[in-house]
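Shown next, in C-alpha cells, is the structure this report addresses.
By convention in this document, chain letters (A, B, ...) are assigned in the order of the sequence lines, proteins followed by strands, and residues within each chain are numbered from 1. Being a predicted model, the structure only gives us computed values, none of them experimental. Values below: every heavy atom of this structure, side chains too, minus hydrogens, waters and symmetry copies.
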There are 2 protein chains.
Amino acid sequence: MGNTATDAAPGRRDRKKRQTRDALVAAALRLVDERGRDHVTVEEISEAADVSPRTFFNYFATKDDALLGGPLPDGPSIHDRLLAVPAGVPLLNALFEAMQPDIEQIQAERDVWLLRLRVIKSNPSLLPLLVARGECAEEETVAAVAARTGIAPDSLFPQLVATTAGAALRTSMMRWATDDNRDLLDLVREAFVILGSGLTEPAPTHEEVTR
Amino acid sequence: MGNTATDAAPGRRDRKKRQTRDALVAAALRLVDERGRDHVTVEEISEAADVSPRTFFNYFATKDDALLGGPLPDGPSIHDRLLAVPAGVPLLNALFEAMQPDIEQIQAERDVWLLRLRVIKSNPSLLPLLVARGECAEEETVAAVAARTGIAPDSLFPQLVATTAGAALRTSMMRWATDDNRDLLDLVREAFVILGSGLTEPAPTHEEVTR
DNA sequence: GTCGAATCTTGCAGCCCCTGCAAACTTTTA
DNA sequence: TAAAAGTTTGCAGGGGCTGCAAGATTCGAC
C-alpha cells in the first residue's frame, strides 16, 4: 500500500471529497453540453451527482466554476518553474518549458478538457472565465519574467509577455479542441515560434514544403 | 440646425435614452468605486440614477454590463478598417492603424475610463468581462487578418494575431490606468513594437539612451 | 473498541439577480 | 388630434448564492 512521498496516503475522507467533486464536474459538463448553460440548474447538477444542492456550493462558488473545474491543482508554481530554467535560455523558450507541465496535465485529462472546451465554445459567456483561470498564473508570470530579466515588474514588458503567453496558450487550446489530431504541445510550440518571429506570417503551404 | 449626414439629428427621445444610460453607468461606477461590486445592488444604482430597477435591465443585461459601459458604439468595424489599410503596410502596423480610432475614442472619454479601470482593478471578477468586451472585435480581427494574409481563418496564425493584439491593448490600458502621464496611444505603440520584435527584452535604461 | 474532535452534508430562511408580461405613459408620425 | 411606435414601471416568479445551525461521518488518541 505504500505511497511515495508526494501523494501521502489520502485517506477515505479526501478520497470521497475528490469523488464528489469529480462527479459534480462531470454532471455539470454533461448536462450543459446537452442542454446549454442556461437550461441547467444547480439543483439538477447536484441531483445528477447525488448530493444536495447546498453541497454543490461547498465545492464551487459558482455554477460556472464547476464547468471550469474549480481552482487549479497545486504543485510548483509557474514562477518557480520559470526561475528554475537555466539563465542562458532565451525568454520565450524558458517560458515554454515552464508551461510544459501544465500542458501535459491538460493532455492527461484529454477527454474532460475536450468536452470542457466544446462546452465553452457553445456557451460564449464562459470564455471570459477560462481567461480568468489563467490570470492568477499570469500574475506569477509577470513577477517571474521581471525577476529573470531584471526589468521592473510594473513596467510594460513583463506584463505584455505574461498576457501574450496566456493568449497563446488559450488560442492553442481552442484550436486543439477543434482539431484533436495534433498534439496540444505541438500547437503551443508553433504559437511560441510565431510569437518569437514577431508575428510575421508563416510561409504559405507550410506543410507541403516541410514534408 | 443642420447636422451632417453622420449624426442625423437625434431627437428628444434618443437624447433622453442616452441621458439615462449615462446616468446609470455613472451611478454604477461611482457606487461600486466607493463600496465594492458586491456591496452595491441594482436597486441602489437605479435609485441613484432616478429610474426604476426594472428600467435598469432595459438598458443592461447585467449589473456588470453597466460598469463596462455596455456594447461598444458602432461605426466602421475593425474588419473594414483593417482592410482599408494599403496592402503594402506590414501586418502589425496595419493592425495598429486600424485600432487607432478605438484608442482615441477611449482617450476622449478619459475620465470615465480611468475610473472604470480603477474599478476593474479593485474588483478582479470584472477583468474577464473586459476581455469579453474585446472578444467580438477579436472575431472580426481574425477574419480580417485571414483575408489580408490569405491564410485560412480557422488556422492558428490569424487567431493568435487577434488574441495577441487584444492582449496588447488590454495590457496597455491597465498600464495606462496606473500611469496616466503617458499617452495611451504611445503605450499601445510601444507594446506593438515589442510584439514586432518577437518579445525580446528592450535595452535597459531605455529612456536614458533615447533622450 | 470508544469517545471526543474535526470535518462534511444537509435543510432552511433569505437576499439579490434577472426575466416575461401587461399596463401606464411619452414621443413621433400621419 | 388621433393613431403608431417606443419607453417606463410594477408585479410575479425562477434561480443563484450565503449564513446558520443541526445531523452524520471520519479521524486521532486512548
(message) With a cut-off of less than 4.0 Å, is there a side-chain N or O of A:Thr62 near OP1 or OP2 of D:dC17?
(response) yes

(message) Across nucleotides 19-25 of chain D, 5' to 3', mark each nucleotide with B, S or - according to how protein heavy atoms within less than 4.0 Å reach it.
(response) BB----B

(message) Counting neighbours of CD on B:Glu139 that are heavy atoms of other residues, nucleotides or ligands and sit closer than 6.0 Å, is the number greater than 12?
(response) no

(message) Does anything in residues 115-137 of chain A form a ring pair (Phe, Tyr, Trp, His ring centres under 6.0 Å)? List the pairs, not counting sequence neighbours.
(response) none

(message) With a 4.0 Å cut-off on N to O distance, would you call B:Lys63 and B:Glu43 a salt bridge?
(response) no

(request) Can you tell me the distance, in whole Å, between the CD atom of B:Gln19 and the P atom of D:dT8? (result) 12 Å

(message) From CZ of A:Arg35 over to P of D:dG15, roughly how many Å is that when rounded to an integer?
(response) 11 Å

(message) Less than 4.0 angstrom from a charged side-chain N to a carboxylate O is my criterion; do A:Asp102 and A:Arg81 meet it?
(response) yes

(message) Mind checking if B:Phe56 touches a base, just sugar-phosphate, or nothing, with heavy atoms under 4.0 Å?
(response) nothing

(message) Just the rounded figure in Å: distance from C1' of D:dT26 to NZ of A:Lys17.
(response) 12 Å

(message) For residues 96-127 of chain A, which residue pairs pass the ring pair (Phe, Tyr, Trp, His ring centres under 6.0 Å) check, not counting sequence neighbours?
(response) A:Phe96-A:Phe192

(request) Work out which heavy atom in A:Ala48 is nearest to a heavy atom in A:Ala27; give both atom names and the distance. (result) CB-CB, 3.9 Å

(request) May I ask you to check whether over 12 heavy atoms, not counting those of A:Glu140, lie within 6.0 Å of atom CD? (result) yes

(request) Give a yes or no on whether A:Arg18 atom CZ has more than 12 heavy-atom contacts from other residues, nucleotides or ligands under 6.0 Å away. (result) no

(message) For a quick test of reading the model, state the closest non-hydrogen atom pair linking B:Ser46 to B:Pro53 and the distance between them.
(response) OG-CA, 3.4 Å

(request) Return the value, rounded to whole Å, for the distance between atom CZ of A:Arg37 and atom P of D:dG15. (result) 13 Å

(request) Please state how far atom CD1 in A:Ile45 lies from atom P in D:dG15, giving the value in whole angstrom units. (result) 13 Å

(request) Calculate the interatomic distance between A:His39 atom NE2 and D:dG15 atom C1'; express it in whole Å. (result) 13 Å

(message) If you take any heavy atom closer than 4.0 Å to DNA chain C, which residues from residues 118-129 of chain A end up in contact?
(response) none

(message) With side chain to side chain donor-acceptor pair (under 3.5 Å) as the criterion, how do A:Asp183 and A:Gln107 come out once you've worked through the C-alpha distance, each side chain's angles and the decisive distance to 0.1 Å?
(response) CA-CA 8 Å; A:Asp183 220 32; A:Gln107 285 198 326; 3.2 Å; yes

(message) Run the side-chain hydrogen bond (donor to acceptor under 3.5 Å, both in side chains) test against B:Asp50 and tell me which residues pass, sequence neighbours left out.
(response) none

(request) Write down the distance between CD (A:Glu47) and P (D:dG15), rounded to a whole number of angstrom. (result) 14 Å

(request) Send over the distance from B:Phe57 CZ to D:dG10 P, rounded to a whole Å. (result) 14 Å

(request) With heavy atoms under 4.0 Å as the rule, sort A:Phe60 into base, sugar-phosphate or nothing. (result) nothing

(request) Using a cut-off of strictly less than 4.0 Å, decide whether B:Ser52 has a side-chain nitrogen or oxygen near OP1 or OP2 of D:dT8. (result) no

(request) Please list, in 5' to 3' order, the outermost nucleotides of DNA chain C lying under 4.0 Å from any heavy atom of chain A. (result) C:dA6 to C:dC12

(request) Kindly indicate whether the side chain of A:Ile103, heavy atoms from C-beta on, has any atom under 4.5 Å from the side chain of A:Ser172. (result) no

